[in-house]
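These notes concern the structure reproduced below.
In the text below, chain A, chain B and the rest are named by the order of the sequence lines, each starting its count at 1.
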Amino acid sequence: MRLSNLFMPTLREVPAEAEIPSHQLMLRAALMRKLASGIYNYLPLGLRVLRKIEEIVREEMNREGAQEILCSALLPSELWKESGRWEVFGPEMFKLLDRNGREFCLGPTHEEIFTDIIRNEVKSYKDMPLNLYQIQTKYRDERRPRFGVMRCREFTMKDAYSFDTSWEGLDESFNKMYRAYCRIFDRCGLDYKAVEADTGAMGGTGSMEFMVKSDIGEAEVVYCSSCDYAANIEKAPTFEVKVEAKEELKELQKVETPNVRTIEELVSFFNTTPQKFAKTLIYKADDKVVAVMVRGDRDVNETKVINYLKCINLELADAETVRKATGADIGFAGPIGIKVDELLIDYEVKYIENMIIGANETAYHMINANYGRDFEGTVGDFRNIAIGDKCPKCGAEIKINRGIEVGHIFKLGTKYSQAMGATFVDDKGEEKPIIMGCYGIGINRTMAAVIEQNHDEKGIIWPLSIAPFHVIVVPVVMKDELQVKVAEEIYNKLNEMGVETLIDDRDERAGVKFNDADLIGIPIRITVGKKIKDGIVEFKLRNSSEVKEIKVEEVYDEVLKVFKERNVKIKSC
RNA sequence: CGGGGCGUAGCGCAGGUGGUAGCGCGUGUGGUUCGGGACCAUAAGGUCGCAGGUUCGAGUCCUGUCGCCCCGACCA
């Protein structure tokens, strides 16, 4: 491709709307443009990268025996009503009516559709195991689209679904996907970790997320400094640590604390440490009101609370509900005399001696409260694990990082097959529900994650495997006939070899050309300049500052060497 | 959905106390340049997000509305 023809409107300045590097660079490097919040159009370079990632996904999925199909993005409501998710998804689903008033949605995911296909077509154990996947556009009306392509309302997802006759079969299908995912993200050049994840409302027996390490990630990943344990913070358990009583139990006392509400304010008011407090948070769990107590310096883990309560929705209660439960303004909730349906108490709170709690009376706290003597409730693991806690697996110190979730593999079990009657007849003639797994990869998000991990102040540094083009040939001065002639020769020959090559044949100054080449992140740059008189060109890799001067005829072997080193195959065109 | 911020030329921005819109980059043309986003000259390009209102007069003040960004809540 010639840059003089390529639709590549690069931006010199950073668009005001973009804050994180991947978003800024995707706009500046002309990969995409915004159409509306969370909705993007892809330009030639961006599309090429998306296609490359998709192709890697296809190769690795196919290698594990999965078969590609393509479902509609426009889906009738019936299937969703059957599974109960028409309501569960709620406003997050783009819903619409056809001319006859029938309800449809733009698919946010496709479990129901795949299950429907299978229940119609698969009847016997002989038809399984089966793994079907598609690469499809998904639509979710996110409450808050964020960070460009990281969380958007239209996105491309590879979703796969496995169908097995036994739980062992599901394990095998799951492991195959695990292997495929590792190879996919390896090939995309990502620094990632597979972590244990919560199975959530989906139920099921196992779930792993593929997390790309990044400060802008929305998830928190807990991992062990010593063993291979890694988990989403939602999932990582904490345990009861028995503490011997040291202090004498003092008398419970009410203390006036006017305008002292937050833990920080309380710490300075009482001149003590956050560990001496227990905070009581009031939640609405479906139609119940629930209080959760954790130590002053801890965070409630809402996933754990949801799982314990087996509720669908959990949200912090509004001021009105808090007043009703506590009889006080927000900031003074405590366990004694609180009117809630359930009081959940984190393990740690059980062992805080002579703790400070809210008094359920505006402007008052209680001091010297003790679990057992002054209040009781359901004790369990309801908090986030934190730095300083021990690894649940080996007991060593844990660490916490942020991560971008690019993939998720999930043992669904029989949730959908049971709800939708997808059954098969086993070898004894018995009818059983099909055992399912589902496996997703966010294609656009993977692209953004790669940029987050591979860029510098000049621009993107694409890995060879997913770069929009492999090589860019830069003739420095377009008026120099020899430079142009040799550049054209290199360009043509590389393309003939199947190397995807750009030539910057624009009549621009060298600086402009170099800067654009760096911005769009082409892995290999071949500069044809003054020294061409001696048959010398420059060979430079985007991820290195080293410039090699080589003979023209060596160019081809040098390029092939880079492909070999990076284990990328050239497709003959 | 709560909190905050922003909508002025393709992009980035400036436009005290109201007086008919400007700068840089980019774009067209002519010329000089040519190894890391050149220079000179010249030109084009704006419903000031939209709708009301106040006023002789609104980019500027008031009301409403739409859009976009950030934080939070939420996220099969």
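With P as the reference atom, B:C1 and B:C11 are 28 Å apart, rounded to whole Å. The separation of B:C74 from B:C6, taken at their P atoms, amounts to 28 Å, rounded to a whole angstrom. Across the P atoms, B:G16 and B:G30 are found 40 Å apart, a figure rounded to whole Å. Spacing between B:G35 and B:C25 at atom C1', rounded to whole Å, works out to 23 Å.
Residues A:Met157 and A:Ala36 both approach RNA chain B. Their nearest nucleotides, taken by heavy-atom distance, put A:Ala36 toward the 5′ side. Summary of the strand contacts: A:Lys513 and A:Ser37 both lie near RNA chain B, and taking for each the nucleotide with the nearest heavy atom, the more 5' one is attributed to A:Lys513.
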### Task
Tell me, with the steps shown, if A:Phe104 and A:Phe94 meet ring pair (Phe, Tyr, Trp, His ring centres under 6.0 Å).
CA-CA 9 Å; A:Phe104 286 82; A:Phe94 280 104; over 10 Å; no
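Comparing atom distances between the A:Glu13 side chain and each of B:G12, B:G35, B:U33 picks out B:G12 as nearest. Side-chain proximity of A:Arg12 to B:G36, B:G37, B:U33: nearest is B:G37. Set against B:G37, B:C75, B:A73, the side chain of A:Glu92 has B:C75 as its closest nucleotide. Listed nucleotides B:G37, B:C68, B:C13 differ in distance to A:Leu519; the shortest reach to its side chain belongs to B:G37. Residue A:Phe514 places its side chain closer to B:G36 than to any other of B:G36, B:C71, B:U33. With B:C71, B:C68, B:G36 as the candidates, the nucleotide lying closest to the side chain of A:Arg525 is B:G36. You'll find that the side chain of A:Val512 is closest to B:A38, out of B:A76, B:C69, B:A38. When distances run from any side-chain atom of A:Asp518 to the nucleotides B:G72, B:A38, B:G36, the shortest one goes to B:G36. The side chain of A:Phe147 sits closest to B:C70 out of B:C70, B:C34, B:C74. Comparing atom distances between the A:Ala16 side chain and each of B:C69, B:A38, B:G12 picks out B:G12 as nearest.
When both pairing distances are held under 3.5 Å, B:C1 makes a Watson-Crick or G-U pair with B:G72. As the counterpart of B:U29, B:A41 is assigned, both hydrogen-bonding distances of the Watson-Crick or G-U wobble pattern falling under 3.5 Å. Nucleotide B:G7: paired with B:C66 (Watson-Crick or G-U wobble, both distances less than 3.5 Å). Pair check for B:G12 finds B:C23; Watson-Crick or G-U wobble, both atom distances under 3.5 Å.
Between the C1' atom of B:C70 and the CD atom of A:Glu218 lies a distance of 13 Å, rounded to the nearest Å. The nearest whole Å value for the distance from the CD atom in A:Glu142 to the C1' atom in B:A76 is 11 Å.
The base of B:C75 is paired with the side chain of A:Arg151 by a donor and an acceptor separated by under 3.5 Å. A:Glu508 contributes no side-chain N or O that forms a donor-acceptor pair with the base of B:G37 under 3.5 Å.
With a 6.0 Å cutoff to the six-membered ring centre and a 45° limit on the axis angle, A:Lys411 does not count as a cation-pi contact of A:Trp167.
With hydrogens and angles disregarded, no donor-acceptor distance shorter than 3.5 Å links the side chain of A:Asp286 to the backbone of A:Lys288.
For the residue pair A:Thr10 and A:Asp516, a side-chain donor N or O sits within less than 3.5 Å of a side-chain acceptor on the partner. In the model, A:Tyr161 has a side-chain atom that pairs as donor or acceptor with a side-chain atom of A:Asp159 under 3.5 Å. Checking A:Ser83 against A:Tyr416 by side-chain atom types alone, no donor-acceptor pair falls below 3.5 Å.
Contact annotation: A:Arg509 side-chain N/O to B:A38 OP1/OP2 distance is under 4.0 Å.
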